[in-house]
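Take a look at the structure set out below.
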There are 2 protein chains.
Amino acid sequence: MSDDQAKRTESDEATLGRIETEVALLMRLGEATRRATGSAEHRVLDRAAYVILRHLDATGPQNVSALAARLNLDGSTVTRQVSALQRDGLIARAPDPVDGRGTVISPTPAGLHRMAAVRAARTRLYGDILADWTPTDRDTLATLLTRLNQALDTRTRRP
Amino acid sequence: MSDDQAKRTESDEATLGRIETEVALLMRLGEATRRATGSAEHRVLDRAAYVILRHLDATGPQNVSALAARLNLDGSTVTRQVSALQRDGLIARAPDPVDGRGTVISPTPAGLHRMAAVRAARTRLYGDILADWTPTDRDTLATLLTRLNQALDTRTRRP
DNA sequence: ACAGATAGCTGTATCATACAGTTAATTCTG
DNA sequence: CAGAATTAACTGTATGATACAGCTATCTGT
């Protein structure tokens with residue numbers, strides 16, 4: 001290995017270390033932020049619940065297994081989340097017409113509304129936080145995060 | 001407002017929405033990844049424990065309150081994390097010489113070693129996940145994540 | 001048609017976290 | 001300087017998200 005290659009490798013290691021650090025930190029901060037903004041209106045959309053509604057909105061009604069697989073969650077967890085969401089009138093359960101075992105979960109109008117409100121609040125928050133960023137930097141961040149997630153998702157799901 | 005401005009604003013909203021989406025997704029994937037890689041060796045470094053050791057390593061021994069404030073965690077949570085870490089021999093408690101109420105937490109050699117091992121494993125994972133990224137893109141991601149975290153941290157701590 | 005797989009649910013356990021209350025030590029104030 | 005207010009750490013208790021194991025009903029392939 002040439003000196004040049006060694007140096008490049010070393011700096012790349014450092015970059016990976018930074019990424020690792022920042023992702024870990026982001027998760028802590030994200031938790032804290034979620035908790036901080038988790039007033040009464042949001043509390044029912046803790047964690048996965050929000051993502052469930054997002055997912056139902058984005059990809060249409062689907063059954064519990066599909067949701068669980070997509071969100072990397074155990075089926076029992078999704079079942080309970082869905083029960084809570086149903087109790088609060090944010091989703092509806094219906095028997096799957098093509099599979100007697102299945103239950104199709106759909107968002108209710110109230111659920112979509114609540115989801116949109118939380119999403120808007122968060123988007124506003126990011127607009128606030130990133131107020132002094134250039135549009136280019138914001139766009140780059142969004143793009144790289146998307147690519148990171150795709151890579152992570154592939155990695156998580158494949159091996 | 002000109003059409004041009006309206007369009008720019010709209011696209012910027014969309015960018016913020018993407019960022020919001022991707023951060024939420026990253027947190028879910030990060031959770032899943034942490035759980036998946038959480039074999040015996042890692043299990044004791046769940047969540048905040050790892051960050052505590054990182055922090056002690058980066059900024060030196062300090063008391064529980066300082067840690068809690070820095071990590072946006074309740075003091076009681078840190079107390080319990082610290083107790084678990086002490087039970088496992090990864091940190092040491094010592095009375096604060098300048099404040100009889102305080103307890104100074106220091107990482108033990110074993111703790112630093114464990115932390116480094118987890119960190120190396122994660123860094124390796126990211127190297128794997130981002131194998132086909134250009135060094136420039138990795139560097140940009142690291143930089144933007146750092147800036148995002150700084151912005152988030154300031155926002156969380158200020159108002 | 002039956003054996004094995006699958007969908008969803010329930011019971012149970014764990015873990016991270018917060019909030020409230022307790023005790024001891026420090027700092028402030030009159 | 002003595003009592004009051006504050007702070008550090010800890011403990012009790014509650015909640016919430018999650019996983020795993022076991023259960024029942026249904027489906028699918030041979």
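Lettering of chains follows the sequences in order, A, B, ..., and the numbering in each one begins at 1. Small disclaimer: the values here were computed from a predicted structure and weren't measured.
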Check your understanding: Is it the case that A:Tyr126 and A:Arg122 place a side-chain donor and acceptor less than 3.5 Å from each other?
Key ->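 Judged by distance alone, the side chains do not pair up.
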
Review point. With no hydrogens and no angle check, do the side chains of B:Arg18 and A:Thr146 hold a donor and an acceptor under 3.5 Å apart?
Key: no

Using a cut-off of 4.0 Å on non-hydrogen atoms, how would the nucleic acid contact of [X] be classed: base, sugar-phosphate, or nothing?
X	answer
B:Gly75	nothing
B:Gly102	sugar-phosphate
A:Asp99	sugar-phosphate
B:Thr103	sugar-phosphate

Please give, in whole Å, the distance from [N] [atom2] to [X] [atom1]?
X	N	atom1	atom2	answer
A:Leu29	C:dT17	CG	C1'	16 Å
B:Asn63	C:dT26	CG	P	13 Å
A:Arg101	D:dT28	CZ	P	6 Å
A:Ile52	C:dG8	CD1	C1'	14 Å
B:Asn72	C:dA16	CG	P	18 Å
B:Tyr50	C:dA16	OH	P	16 Å
A:Leu85	D:dG16	CG	P	13 Å
B:Asp74	C:dG21	CG	C1'	13 Å

Review point. Does any N or O donor sit under 3.5 Å from an N or O acceptor when you compare the side chain of B:Ser83 with the base of D:dC10?
Key: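 No pair found.
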
Would you tell me if any nitrogen or oxygen in the side chain of [X] comes within less than 4.0 Å of OP1 or OP2 on [N]?
X	N	value
A:Thr77	D:dT18	no
B:Arg93	D:dC10	yes
A:Gln81	D:dG16	no

Revision key, fill the gap. Heavy-atom closest pair (B:Asn72 atom, A:Arg28 atom, distance to 0.1 Å) is O-NH2, 4.4 Å

Point to revise | Distance-minimising heavy-atom pair for B:Leu53 and B:Leu90 | key: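 Looking at all heavy atoms of both residues, the closest pair is CD2-O, 3.9 Å.
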
Practice item. On DNA chain D, check which nucleotide each of A:Gly100 and A:Arg80 is closest to and give me the residue with the more 5' one. Key: A:Arg80

Review point. What do you reckon, is CZ of A:Arg70 surrounded by more than 12 foreign heavy atoms closer than 6.0 Å?
Key: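 No, CZ of A:Arg70 has 12 or fewer neighbouring heavy atoms, counting only those of other groups under 6.0 Å.
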
**Study point:** Side chain of A:Ser76 - closest among D:dA19, C:dA18, D:dA9
**Key:** D:dA19

